[in-house]
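First the structure, in the form of structure tokens, and then the observations on it.
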Amino acid sequence: MTSFRDKVIEIVRNIPRGKVLTYSEVADMAGNLKAARVVGNIMSKNTNKDIPCHRVIKSDMKVGSYNGILGKSKLDILKEEKVLFDNQGKVIRLS
DNA sequence: CAGATGACGATCA
DNA sequence: CTGATCGCCATCT
């Protein structure tokens, strides 16, 4: 059966390069708006490099945490993906 | 099955 | 803006 976890995995896996989604957005798409925390919990235990878990940020637009499976900090990876940041370390979306 | 956990979120100081 | 507190919920042990 498709657990909440599986949906989250699939959603995150489909995030295109250079784009980011918030934990609450992913949680919402997976079926539970209030489960943003669960999304993070799942990502933290996921070690599959096939999943761009670094493209998931907080609803505040701050990067949040990262397990470092790719050997780089989340912030650096996003910068490599051409994602823009302001002086407060927040992500700037190009609408 | 029950309790603990945490890559979060909103609110208050 | 920064930091602390409380609330939320699927997973893990």
Side-chain angles (χ1 to χ4, degrees):
Chain A
M1 64 164 270
T2 58
S3 61
F4 186 82
R5 180 170 137 305
D6 292 319
K7 292 181 185 174
V8 171
I9 300 275
E10 189 166 317
I11 291 169
V12 175
R13 176 182 283 159
N14 283 304
I15 301 177
R17 179 180 175 285
K19 182 172 181 179
V20 297
L21 285 182
T22 67
Y23 291 100
S24 56
E25 280 175 322
V26 175
D28 184 36
M29 289 185 260
N32 192 331
L33 179 58
K34 297 178 182 176
R37 207 168 175 177
V38 178
V39 175
N41 200 328
I42 293 167
M43 306 319 285
S44 67
K45 285 164 184 168
N46 172 63
T47 54
N48 190 339
K49 302 186 196 67
D50 198 46
I51 297 173
C53 33
H54 55 270
R55 293 181 197 160
V56 185
I57 63 175
K58 306 215 323 177
S59 59
D60 290 35
M61 291 298 130
K62 292 177 187 174
V63 288
S65 188
Y66 184 56
N67 209 327
I69 64 178
L70 294 181
K72 294 181 178 182
S73 75
K74 199 168 171 182
L75 181 64
D76 286 336
I77 298 173
L78 290 176
K79 283 183 177 177
E80 291 297 318
E81 307 249 332
K82 307 305 181 193
V83 176
L84 301 179
F85 294 85
D86 66 3
N87 292 311
Q88 297 170 71
K90 291 194 201 168
V91 174
I92 300 174
R93 278 174 165 178
L94 308 171
S95 63

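Chain identifiers are assigned alphabetically (A, B, ...) following the order of the sequence lines, protein sequences preceding nucleic acid strands; residue numbering begins at 1 within each chain.
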message = Using only atom types and a distance under 3.5 Å, with no angle test, would you say the side chain of A:N14 pairs donor to acceptor with the backbone of A:E10?
response = yes
message = Output the rounded distance in Å from NZ (A:K58) to C1' (B:dC8).
response = 6 Å
ask   = Quick check: does any side chain N or O of A:R93 sit under 3.5 Å from a backbone N or O of A:V20, one acting as donor and the other as acceptor?
value = yes
request  = Give, ordered by number, those residues of residues 67-78 of chain A having at least one heavy-atom distance below 4.0 Å to an atom of DNA chain B; if nothing qualifies, reply none.
outcome  = A:K74
ask   = Does A:P16 offer a backbone N or O that forms a donor-acceptor pair with the side chain of A:R55 under 3.5 Å?
value = yes
inquiry  = Has A:K74 got a side-chain atom pairing as donor or acceptor with A:V63's backbone, closer than 3.5 angstrom?
reply    = yes
message = Closer than 4.0 angstrom, basic N to acidic O: yes or no for A:R13 and A:D50?
response = yes
message = When you measure from the side-chain N and O atoms of A:S59 to the phosphate of B:dA10, is any distance below 4.0 Å, counting only OP1 and OP2?
response = yes
ask   = Roughly how far, to the nearest 0.5 Å, is OG of A:S59 from CG of A:D28?
value = 12.0 Å
task = Using a 4.5 Å cut-off on heavy atoms from C-beta on, say whether the side chain of A:D86 contacts that of A:M61.
result = no
request  = Report which part of the nucleic acid A:K7 touches: base, sugar-phosphate, or nothing (heavy-atom distance under 4.0 Å, all strands).
outcome  = nothing
ask   = Reading nucleotides 3-13 of chain C from the 5' end, what letters show protein touch, with B for base, S for backbone sugar-phosphate only, - for no heavy atom under 4.0 Å?
value = ----BBBSSS-
request  = Scan residues 22-29 of chain A against DNA chain B and write down, sorted by residue number, each residue with any heavy atom closer than 4.0 Å; if none is found, say none.
outcome  = A:Y23, A:S24
task = Write down the atom of A:T22, the atom of A:E25, and the distance for their closest heavy-atom approach.
result = N-OE1, 2.9 Å
ask   = Are A:M29 and A:I42 linked, directly or through other ILVMFWY residues, by side chains that come within less than 4.5 angstrom of each other?
value = yes
query = If only atom types and distance count, is the side chain of A:N67 paired as donor or acceptor with the main-chain N or O of A:I69 below 3.5 Å?
reply = no
